[in-house]
Amino acid sequence: MEAFLNTLSDLKHTDFRLLATALNASSNGVVITDHSQPDHPIIYCNSAFEVLTGYSKKDIIGHNCRFLQGHDRSQDSLLQIKEAVRKGEHCQALIQNYKKNGRLFWNELMISPVKDSSGKVTHFIGIQNDVTKRVVAELKLEQQRDQLDEKVRERTNTLEESEAYLSAIVETIRESLLVLDSEFRILSANHNFCDFFNDPEETLVGQKLFEIGSGKWNIPELRDLLTKILPHNNPFEGFELTHDFPIIGRKTLMLNARQMTLKGKYQERILLAIEDITERKTMEYRKEDFINIASHEMRTPLTSIKGNLQLLNKVAQKKGDTDYARGFSAAGKSVARLERLIFELLDVSKMQSGKVDFNFEPVDMSTLIHESIEIIQQETPGIKIILSGVENQYVDGDYGRLEQVMINLFSNAVKYSRSSSEIKVHVSCMSGYCKVSVTDNGIGINMKDHKRIFERFYRAEDISEKFPGVGVGLYVCNEIIKEHNGTLWVDSEAGKGSTFSFTIPIAKTI
Ligand code: ADP
């Protein structure tokens, strides 16, 4: 710039045309204002300035540069320029200007004073550059940054709210909750845990679970759950544990554990939910004890009733008293059903304690199924059972127990079929297994109950009041089939009938 100014002061010695051509060839807009005249008019502008502003020379020469500012007079950078002009100094500023067509453009302006020999400013040279594209891009970037900041702020707020929400839930739920790190150090414990196990939170946080309270949590089963089972079975639910705790005594707990494998802050955390099921377990044991005792007590009188009914039936038949004979026979069937129920109830407790003996022998499934059909048809006359599939297939089994399974499946099919009484039995063999399926057209079973119906005393909610039963039959059947190294399952949909199937290994020798 300095060199350029020197060149200007020496104009009389240089080739004017050459300089004018050089200025016109420049892509920057150049103007010269005269400061010796009022309102500092523009006395020169090059072609680039015309292109830049859209004005032509005749609109420019003689005007003060402020015509480029339109009505926009409040920019900070204008003050900076005014100050530089007042002091006769060099200045660089970015200002918003307007083209002739009214369109805004960003002008990167550089002004430099030209002084005479006494140091008085005679002219100003202004060099302009349209940097609209760059500024707009920068503004856009800034706007995006602001939007991003806003999003981050919103996210942080949401996260903080979620954290507060989660901790409110954690503190409200009835279960005790612990968060552990990968070395089983306690990171947090909810109120319930602290209250139930009598441990203030400040004595827990930072301590290793197995070391707190003189090792009261140093329970081998719990160690196994956290160190051996959980890493391979994550999450682990329904782990039952009974332990003698100091002060609160013997407790049965249900543990659910989850290893969190999230990235970032919550990496490698273990969430341990502990539910006290001591009371529920005690009630269950009492219920089972009661059923056990009651069934035992009923068995003897029932055997005597059964014997006497058979005797009375024979006497009535001998005397030709058909009404009595029919009555005694009907009573006998009811007693048989009652006897089976009692037998099942006793079975439940025997199976739980593993006291059931199985007598395995080669069993012909056809004979077994035919006999079972006969028994169920005597009990429920009019019922139609259609048998299909392979005949004379031998399995390794306990005849009595397998017959118990068949009769159970048949009586359920009858019971849960209401008016429709056609039952299909299909026998097939595959890969060393014999498969038996019992299909009915009855009320069917909801998907959510498919697994649970094999639990002890479980009955589908919607049927409990409409159909008699105690919910042990399928549990017993399942235990029997498991003992035969087979599986029992159901395929069903509510309202569309059910098919109960089981598989058992085919006999190796007969
Ligand atoms: P119970 O019949 O005495 O309730 P079970 O153990 O035999 O006991 O059956 C458990 C539950 O399974 C029943 O309560 C019923 O909800 C369902 N269930 C069993 N068999 C059938 C079937 N054939 N059709 C529909 N539901 C069935």
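In each ligand, atom 1 is the first atom listed, and ligand 1 is the first ligand listed.
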### Query
Of all the atoms in ligand 1, which lie at a distance below 4.0 Å from a heavy atom belonging to Ala460?
14 (O), 16 (O)

### Message
Could you tell me, atom by atom, which parts of ligand 1 come under 4.0 Å of a heavy atom of Ser498?
### Response
24 (N), 25 (C)

### Task
With heavy atoms of Ile463 as the reference, note each atom of ligand 1 found under 4.0 Å away.
14 (O), 15 (C), 16 (O)

### Task
For the residue pair Tyr458 and Asp449, confirm or rule out a side-chain donor-acceptor distance under 3.5 Å.
yes

### Message
I'd like to know whether ligand 1 has Gly444 as a neighbour, heavy-atom separation below 4.0 Å.
### Response
yes

### Query
Which residue supplies the protein heavy atom nearest to atom 26 (N) of ligand 1, what is that atom called, and how far is it?
Ile445 CG1, 3.2 Å

### Query
By number and element, which atoms of ligand 1 are closer than 4.0 Å to a non-hydrogen atom of Val472?
6 (O), 8 (O)

### Query
In terms of ring plane angle, is the pair Phe193 and Phe197 parallel, tilted or perpendicular, where the classes change at 30° and 60°?
tilted

### Task
Identify, for atom 7 (O) of ligand 1, the protein heavy atom at the shortest distance, and state residue, atom and that distance.
Asn412 ND2, 2.8 Å

### Task
Give me the ring orientation class for Phe500 and Phe454: parallel if the planes are under 30° apart, tilted from 30 to 60°, perpendicular past 60°.
perpendicular

### Query
If you measure only the distance, is there a donor-acceptor pair under 3.5 Å linking the side chains of Glu344 and Asn408?
yes

### Message
Looking only at protein heavy atoms, which one is nearest to atom 17 (C) of ligand 1, and what is the separation?
### Response
Ile453 CG2, 3.9 Å

### Query
Can you check whether Lys415 has an N/O within less than 3.5 Å of an N/O in ligand 1?
yes

### Protein residue, atom and distance nearest to atom 5 (P) of ligand 1, heavy-atom basis
Leu474 N, 3.6 Å

### Message
Can you name the atoms of ligand 1, numbered from 1 with element, that are less than 4.0 Å from a heavy atom of Gly469?
### Response
3 (O)

### Query
For Phe457, is the NZ or CZ atom of Lys287 found under 6.0 angstrom from the centre of its six-membered ring and inside 45 degrees of the ring axis?
yes

### Query
So, is Val470 polar-close to ligand 1, with some N/O to N/O distance under 3.5 Å?
yes

### Task
Give the residue, atom name and distance (to 0.1 Å) of the protein heavy atom nearest atom 23 (N) of ligand 1.
Asp440 OD2, 2.9 Å

### Side-chain H-bond candidate by donor/acceptor type, Ser388 with His426, under 3.5 Å
yes

### Task
Assess whether atom CD of Glu461 is packed by more than 12 heavy atoms of other residues, nucleotides or ligands within 6.0 Å.
no

### Query
Who gets closest to atom 1 (P) of ligand 1 by heavy atom: Tyr458, Tyr416, Phe500?
Tyr416

### Message
Please tell me whether Thr252 and Thr278 have a donor and an acceptor in their side chains that are separated by less than 3.5 angstrom.
### Response
no

### Query
For Gly471 and ligand 1, does the shortest N/O to N/O distance drop below 3.5 Å?
yes

## Note on the structure
for atom 4 (O) of ligand 1, nearest protein heavy atom and its distance come out as Arg459 NE, 2.4 Å

### Query
Regarding Arg250 and the six-membered ring of Phe245, is the cationic atom NZ or CZ under 6.0 Å from the ring centre and inside 45° of its axis?
no

### Query
Can you tell me if CG on Asp149 sees more than 12 non-hydrogen neighbours from other groups inside 6.0 Å?
yes

